[in-house]
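Here is the naming used below: chain letters follow the sequence lines, and residue numbers restart at 1 for every chain.
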Protein chains: 2
Amino acid sequence: MVYVIYFDNAATTFPKPQNVVHAVQEAVIIYGGNPGRSGHSLSMKTAKAIFDTRQKIADFFGCEVENAVFTFNCTHSLNMAIKGILSDGNHVITSSLEHNSVMRPIHELSRRCGVTYDLANVFEEDEDRTVLDFERLINPKTKAIVCTYASNVTGTVLPIKKLGKLCRAYKIKFIVDAAQAAGVLDINVVSDHIDILCCAGHKGLMGVTGTGVMILNNIDGLHTIIEGGTGSLSVNREQPDFYPDRFESGTVNTVGILSLYAGLEFINSRGMDNIYAHELGLCQLLYEELLTIPEVKFYIHNLKKGHKVPVLSFNVDGYNSTEVATYLSDSGFALRAGLHCAPTAHEYLGTKDIGCVRFSPSDFNEAFEVEALVEHIKKIVKSGIV
Amino acid sequence: MVYVIYFDNAATTFPKPQNVVHAVQEAVIIYGGNPGRSGHSLSMKTAKAIFDTRQKIADFFGCEVENAVFTFNCTHSLNMAIKGILSDGNHVITSSLEHNSVMRPIHELSRRCGVTYDLANVFEEDEDRTVLDFERLINPKTKAIVCTYASNVTGTVLPIKKLGKLCRAYKIKFIVDAAQAAGVLDINVVSDHIDILCCAGHKGLMGVTGTGVMILNNIDGLHTIIEGGTGSLSVNREQPDFYPDRFESGTVNTVGILSLYAGLEFINSRGMDNIYAHELGLCQLLYEELLTIPEVKFYIHNLKKGHKVPVLSFNVDGYNSTEVATYLSDSGFALRAGLHCAPTAHEYLGTKDIGCVRFSPSDFNEAFEVEALVEHIKKIVKSGIV
């Protein structure tokens, strides 16, 4: 096995904590019954473990247990939320920093049923100006604001609480994509005024892939995009209207969900603030080390606590981001290049042609690994990619 | 740990083969990169493993590799297929033996956009009469037949090849739910004339939960129900139109997919025919042992090879199915009771009030375990449930 220094945690965290690895093994061997489908002991035991995870997730984000819905990835959650809320003729506002997991479902609704949408600008250093730009776009047909908690390209945290208040004031729904923020920043759907929070389970929450979460805050009448067997009210052809069953058709991902339980235990015991401080510290280290090199270009002006998630994108003069990332991969570093599924963010940054190289550390990275990366980037600047 | 004799493999197979358990452990520890998202070595290595599984699935069901789509459960596959094909004003035919994973999405379309549907009868002992009943319901608006390969309640195998030919003759699409048949019966989408085959990954295919498969056979222009980042054509707001990317938005379930690879290896090395013969043999043993007891009621008349999947449902006179299954659970046996998410099947059988107890063995069960079950059922008949 080759030693790789992994800095691609914004795509998926790796390695997973030891207790997560253990939980996955245990889930396959012990929790093999289908939860909520049968009444026998193996099924009930699995159902209890799923419920305990649901409770832990609900506590983590500040919702009632029945409002914590398990999905299969953040994109799945976002599609359920966006298509659950919006219908024919509605208007929706999103931001210039969105991932395709937000842009594509909204664009599809615009094609399919006349939903219209506008993109608000996010101003790096001026939260109030950002909020004003969203407010400017609200019209009588506006049904919702859908935006990211933090950009997967620039790491910029959006003024979520202020946008939540804006939505409350205008009586419109607020859907938030927390793919990059969950497990890193403290999120509470009630105090943040979020109606639907969508998360991946395999990033900051430290579970394995195939897991996502949709957190509902006091929201009724959400349409479904998938219907089927729920193990409840089986005699009815209508999908159940109660939560979470309404949104969990078919067999859930037991292995993934139990890995999430362990992921949350890891976060709670290590301390989310400590994780965030450590990861942001590594970003700051990289930023400071490379800031003096004129050939390295960054797209942000600060890495202030609370204003950025631990994601730092850059380019090296004269190279496409893919060339740099490939060189680094050959040198033993895992960083992602390209557009990161967020083209409008690159339009905004002026990097649509070359993309950017993204550095995203985890709690398991150390300063010496960042120093090693710095040396390799310096080598590119000095000697070029050969 | 308590020893449980597990006969609920139609809900999910348990235990998983040792190589599947091993594959899951390996996936978490080694295949941690996000496939198709980055160009670094860990991501590429995972992408290769996912591709190898896709190829194995494609070979297994007789399709091109790009037409093997990974989903998160069979319900997810069925929703994608049904909503991908049907639109406003279409008519669809399904059977009287369907699971809610077929009934509920169709019913939802009937509510939402005027899709109409009819239920064809399945005749236990007369395949041609079944096919005629489907044919009788075809009208000029009929866009598709959607039906189960085999009932999850009675185990009855539908005349799939004949129905496929019927669909070809009338130029309508054929969507098949193979939740209970995949990994047990030999299915080939080309020779069975199936347009879209939907499977669970965690039943006969022996993977873990959170896995499903949708197999496309020469079918274009399928609508999507979920859009998002695919790692491809990121600059476009439109969902890619090529397969499988079009149907795989967001991060896939690597752990689950690699477990499927191992599951298929297990099936191929053990021999699907051998697995089927063993499991059907256990059903026949139970059937023969209980047939002489007048208080035990069955809902089928034969367990002929090729006509039944290894599922056998029964009731004990005077008891609700749940009472019997609970008693058996307390005695160390895992069997499912109730409606099994298939209410129309119970209407058909006249068991809507009491449901039925379902026996579904796996390759890991042995005859002595069936004998032990027989003893306990005899005890119920003799002494009642106390």
Which value, rounded to the nearest 0.5 Å, describes the distance between B/L42 atom CG and A/D8 atom CG? 9.0 Å
Return the set of residues passing side-chain hydrogen bond (donor to acceptor under 3.5 Å, both in side chains) with B/K16 (not counting sequence neighbours), or none when no residue passes. B/T13
Checked B/K83, B/K352, B/H99 vs chain A; the most non-hydrogen pairs under 4.5 Å come from B/K83
Whatever's closer than 4.5 Å to a heavy atom in chain A on B/N79 counts as side chain
List the residues meeting side chain to side chain contact (heavy atoms under 4.5 Å, CB included) with B/S259, not counting sequence neighbours, and say none if there are none. B/V20, B/V24, B/V208
Counting only non-hydrogen atoms closer than 4.5 Å, does B/H107 touch chain A with its backbone (N, CA, C, O), its side chain (CB onward), both, or neither? side chain
What option among A/T211, A/L78, A/T230 has the most heavy-atom pairs under 4.5 Å with chain B? A/T230
Please determine, among B/S101, B/A342, B/P15, B/A179, the option with the most heavy-atom pairs under 4.5 Å with chain A. B/S101
For B/S110 and A/R237, run side-chain hydrogen bond (donor to acceptor under 3.5 Å, both in side chains): C-alpha distance rounded to whole Å, both residues' side-chain angles, the deciding distance at 0.1 Å, then the answer. CA-CA 11 Å; B/S110 78; A/R237 287 190 196 172; over 6 Å; no
Please tabulate, one pair per line, all N/O donor-acceptor pairs under 3.5 Å involving side-chain atoms of residues 329-338 of chain A, not counting sequence neighbours.
| unit_1 | atom_1 | unit_2 | atom_2 | d |
| --- | --- | --- | --- | --- |
| A/S329 | OG | B/S41 | N | 3.2 |
| A/S331 | OG | A/Y327 | O | 2.9 |
| A/R336 | NE | B/R37 | O | 2.6 |
| A/R336 | NH2 | B/R37 | O | 3.4 |

Residues of residues 248-255 of chain A within contact distance of chain B, non-hydrogen under 4.5 Å: A/S249, A/G250, A/T251, A/V252, A/N253, A/T254, A/V255
Inter-residue atom distance A/E227.CD - B/R111.CZ, 0.5 Å rounding: 8.5 Å
Considering non-hydrogen atoms only, spot the tightest contact between A/F14 and B/V28 and give its length. CE1-O, 3.9 Å
Tell me which of these, B/H223, B/H202, B/H76, B/E347, has more heavy-atom pairs under 4.5 Å with chain A than the rest. B/H202
Pair B/V235-A/H346, side chain to side chain contact (heavy atoms under 4.5 Å, CB included): steps then yes or no: CA-CA 9 Å; B/V235 82; A/H346 289 275; over 6 Å; no
Are any of the side-chain heavy atoms of B/I225 and A/I226 separated by less than 4.5 Å? yes
Between B/P105 and chain A, which part of the residue has a heavy atom less than 4.5 Å away: side chain, backbone, both or neither? both
Which atoms of B/N73 approach chain A - backbone, side chain, both or neither, heavy atom under 4.5 Å: side chain
If you compare all heavy atoms of B/C341 against all heavy atoms of A/G229, which two are closest, and at what distance to 0.1 Å? SG-CA, 4.0 Å
If you tally heavy-atom pairs under 4.5 Å against chain B, which of A/C74, A/G231, A/A11 wins? A/A11
Only pairs of heavy atoms separated by less than 4.5 Å count here; which of A/T71, A/T209, A/T75, A/T322 has the most with chain B? A/T209
Is there a side-chain contact between B/P240 and A/R104 (heavy atoms, below 4.5 Å)? yes
Top contributor to chain B contacts, counting heavy-atom pairs under 4.5 Å, from A/S234, A/G256, A/A325: A/S234
Using non-hydrogen atoms and a 4.5 Å limit, figure out which bit of A/R112 sits close to chain B: side chain, backbone, both or neither. side chain
To the nearest 0.5 angstrom, please state how far the CG atom of B/N236 sits from the CG atom of A/L339. 10.5 Å
So B/H40 and A/Y6, would you call those rings parallel, tilted or perpendicular, with 30° and 60° as cut-offs? perpendicular
As an exercise, state the distance from CG of B/N100 to CD of A/Q239, rounded to the nearest 0.5 Å. 8.5 Å
